[in-house]
S.K.: 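Below are the structure tokens for one structure; questions will follow.
Both backbone and side-chain heavy atoms feed into the values below; hydrogens, waters and symmetry mates do not. Count residues from 1 along the sequence. Treat the numbers as computed from the prediction; the structure is a model and nothing was measured.
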Amino acid sequence: VGGEHMFPRIISDLQRPGGARGARYTVIPVLAPSAPTLAGPQPKDFILRAETLGVPQARHRVILLGLVEGVALPPASLLSESTYSEVSVAEAIGDLPRLRSQLTTGEVCDWGSTAARILGAASAAARPNDREVASHLRELARKVRHAPDPGTGGRFVSRKEGEVWIHGHRLASHLRQWQRDNRLPGHLNHEARGHMEADLQRYGFSAAFAQVHHRSPRGPEDFPEALSPAHRNWHEGKKFVDRFNVQRLEGPSSTVTSHLAKDGHYFIHPDPTQLRSLTVREAARLQTFPDNYFFEGPAGSQRKQVGNAVPPWLAH
């Protein structure tokens with residue numbers, strides 16, 4: 001601001017929050033430095049990266065720890081990034097039952113046929129730009145046509161026999177102990193939201209694109225023109241290139257935020273055949289809420305509660 005770096009000023013203000021006669025504080029990071037320097041902590045040392053601390057989510061926040069002058073903190077009490085291995089989306093939500101979207105534009109009488117039509121339309125739209133994704137979508141449409149309807153879920157979904165770790169991943173031990181409750185015979189708050197069919201075509205394309213190219217599509221440069229949303233800012237620079245963001249199975253998710261309550265565009269499920277955004281329970285898993293934590297209120301309120309929270313495991 002005005003040529004001055006703000007972070008050193010913030011640190012200085014927090015060291016004497018009560019003015020010249022107030023208590024003095026030492027401000028340190030809560031993360032043990034990997035290579036301490038004589039100059040002391042640097043601004044980047046205060047960034048806490050949740051994915052390096054056992055949370056299946058790339059959530060980066062600045063956290064400051066203030067110690068009254070004269071109080072020593074044993075070095076062993078600081079957090080360490082080397083304690084926990086990275087947890088993937090697959091490990092976090094891989095055992096939850098398959099679901100499919102509700103349609104806001106009509107009733108679903110035969111989900112297999114509906115899903116095949118949606119994936120087929122996405123394939124046709126993708127063909128001029130990306131034949132590999134178009135081919136993948138065409139094959140998915142063929143497979144899903146005669147698949148059983150998984151349903152849309154609900155406030156409580158019973159556990160199904162043989163359901164465990166459908167993606168072949170097993171959750172890290174620290175989260176297994178922290179999140180799971182063997183007394184629960186099912187899953188709470190696991191219900192798919194409704195979407196327009198046009199958005200489901202975009203979701204199917206985005207998830208298939210991520211499977212083929214190992215990343216989410218980046219705005220107009222990757223999206224077929226036929227699937228472009230009717231937003232005036234869609235073609236305006238790079239600000240909205242991640243408007244349709246797939247949470248890929250292989251690594252941590254992107255940051256879960258309260259935007260979850262607005263639409264599902266930033267939180268697309270990685271399986272193209274499910275054609276949906278994440279449920280409240282799936283988002284809660286990525287936030288590390290225990291499975292027995294029940295979210296009350298309307299669906300939008302539940303999503304805000306999840307999105308606005310500090311991940312409980314990180315807080316712990």
S.K.: Could you label the plane-to-plane angle of the H174 and W313 rings as parallel, tilted or perpendicular, counting under 30° as parallel and over 60° as perpendicular?
M.R.: tilted

S.K.: Could you check, using the six-membered ring where one of them is a Trp, whether H265 and Y203 have ring centers closer than 6.0 angstrom?
M.R.: yes

S.K.: Could you please spell out the steps behind the side chain to side chain contact (heavy atoms under 4.5 Å, CB included) verdict for V89 and R248?
M.R.: CA-CA 7 Å; V89 170; R248 294 177 54 238; over 6 Å; no

S.K.: Look at the side-chain heavy atoms of Ile, Leu, Val, Met, Phe, Trp and Tyr, link any pair under 4.5 Å apart, and say whether L188 and W178 land in one connected group.
M.R.: no

S.K.: Are F46 and I63 close enough that some pair of their side-chain heavy atoms sits under 4.5 Å apart?
M.R.: no

S.K.: Rounded to the nearest 0.5 Å, how far does CD1 of I118 lie from CG of D199?
M.R.: 10.5 Å

S.K.: Does a donor on one side chain and an acceptor on the other come within less than 3.5 Å for S254 and Q247?
M.R.: yes

S.K.: Apply the side-chain contact (heavy atoms from CB on, under 4.5 Å) test between R281 and each candidate in N189, L286, V306, I93; give the one that qualifies.
M.R.: N189

S.K.: Do S173 and Q177 get their side chains close enough for a donor-acceptor pair, meaning under 3.5 Å?
M.R.: no

S.K.: When the aromatic ring centroids of F223 and F205 are compared, is their separation below 6.0 Å?
M.R.: yes

S.K.: With no hydrogens and no angle check, do the side chains of Q211 and H136 hold a donor and an acceptor under 3.5 Å apart?
M.R.: yes

S.K.: What residue among D149, T114, T152 forms side-chain hydrogen bond (donor to acceptor under 3.5 Å, both in side chains) with R100?
M.R.: D149

S.K.: Tell me whether R117 at atom CZ has more than 12 heavy atoms from other residues, nucleotides or ligands lying less than 6.0 Å away.
M.R.: yes

S.K.: Using a 6.0 Å cut-off, check whether atom CZ of F295 has over 12 heavy atoms from anything other than its own residue.
M.R.: yes

S.K.: Under 3.5 Å, side chain of Q179 to main-chain N/O of D291, donor-acceptor pair present?
M.R.: no

S.K.: Using a strict cut-off of less than 4.0 Å between a Lys/Arg side-chain nitrogen and an Asp/Glu carboxylate oxygen, indicate whether E282 and R285 qualify as a salt bridge.
M.R.: no

S.K.: Carefully, step by step, assess Y25 and L14 under the rule side chain to side chain contact (heavy atoms under 4.5 Å, CB included).
M.R.: CA-CA 7 Å; Y25 286 84; L14 289 175; over 6 Å; no

S.K.: Looking only at heavy atoms, which two atoms of S277 and R193 are closest? And how far apart?
M.R.: OG-CD, 3.0 Å

S.K.: Between G251 and E86, what is the shortest heavy-atom contact and its length?
M.R.: CA-OE1, 4.4 Å

S.K.: Give a yes or no on whether R9 atom CZ has more than 12 heavy-atom contacts from other residues, nucleotides or ligands under 6.0 Å away.
M.R.: no

S.K.: Under a plain distance cut-off of 3.5 Å, with no hydrogens placed, do H213 and D222 share a side-chain donor-acceptor pair?
M.R.: no

S.K.: Taking A309's backbone N and O only, do any of them form a donor-acceptor pair with Q287's side chain (distance below 3.5 Å, no angle check)?
M.R.: yes

S.K.: Do the side chains of Y84 and V310 join up, straight or via other hydrophobic residues, at under 4.5 Å, putting them in one cluster?
M.R.: no

S.K.: Distance check, rounded to the nearest 0.5 Å: F267 atom CZ versus R303 atom CZ?
M.R.: 11.0 Å

S.K.: Can you say whether the rings of H190 and H187 are parallel (under 30°), tilted (30 to 60°) or perpendicular (over 60°)?
M.R.: perpendicular

S.K.: Any donor and acceptor pair, going by atom type alone, linking the side chain of Q57 with main-chain N or O of V256 inside 3.5 Å?
M.R.: yes

S.K.: Around atom CZ of R215, are there more than 12 heavy atoms of other residues, nucleotides or ligands at under 6.0 Å?
M.R.: yes

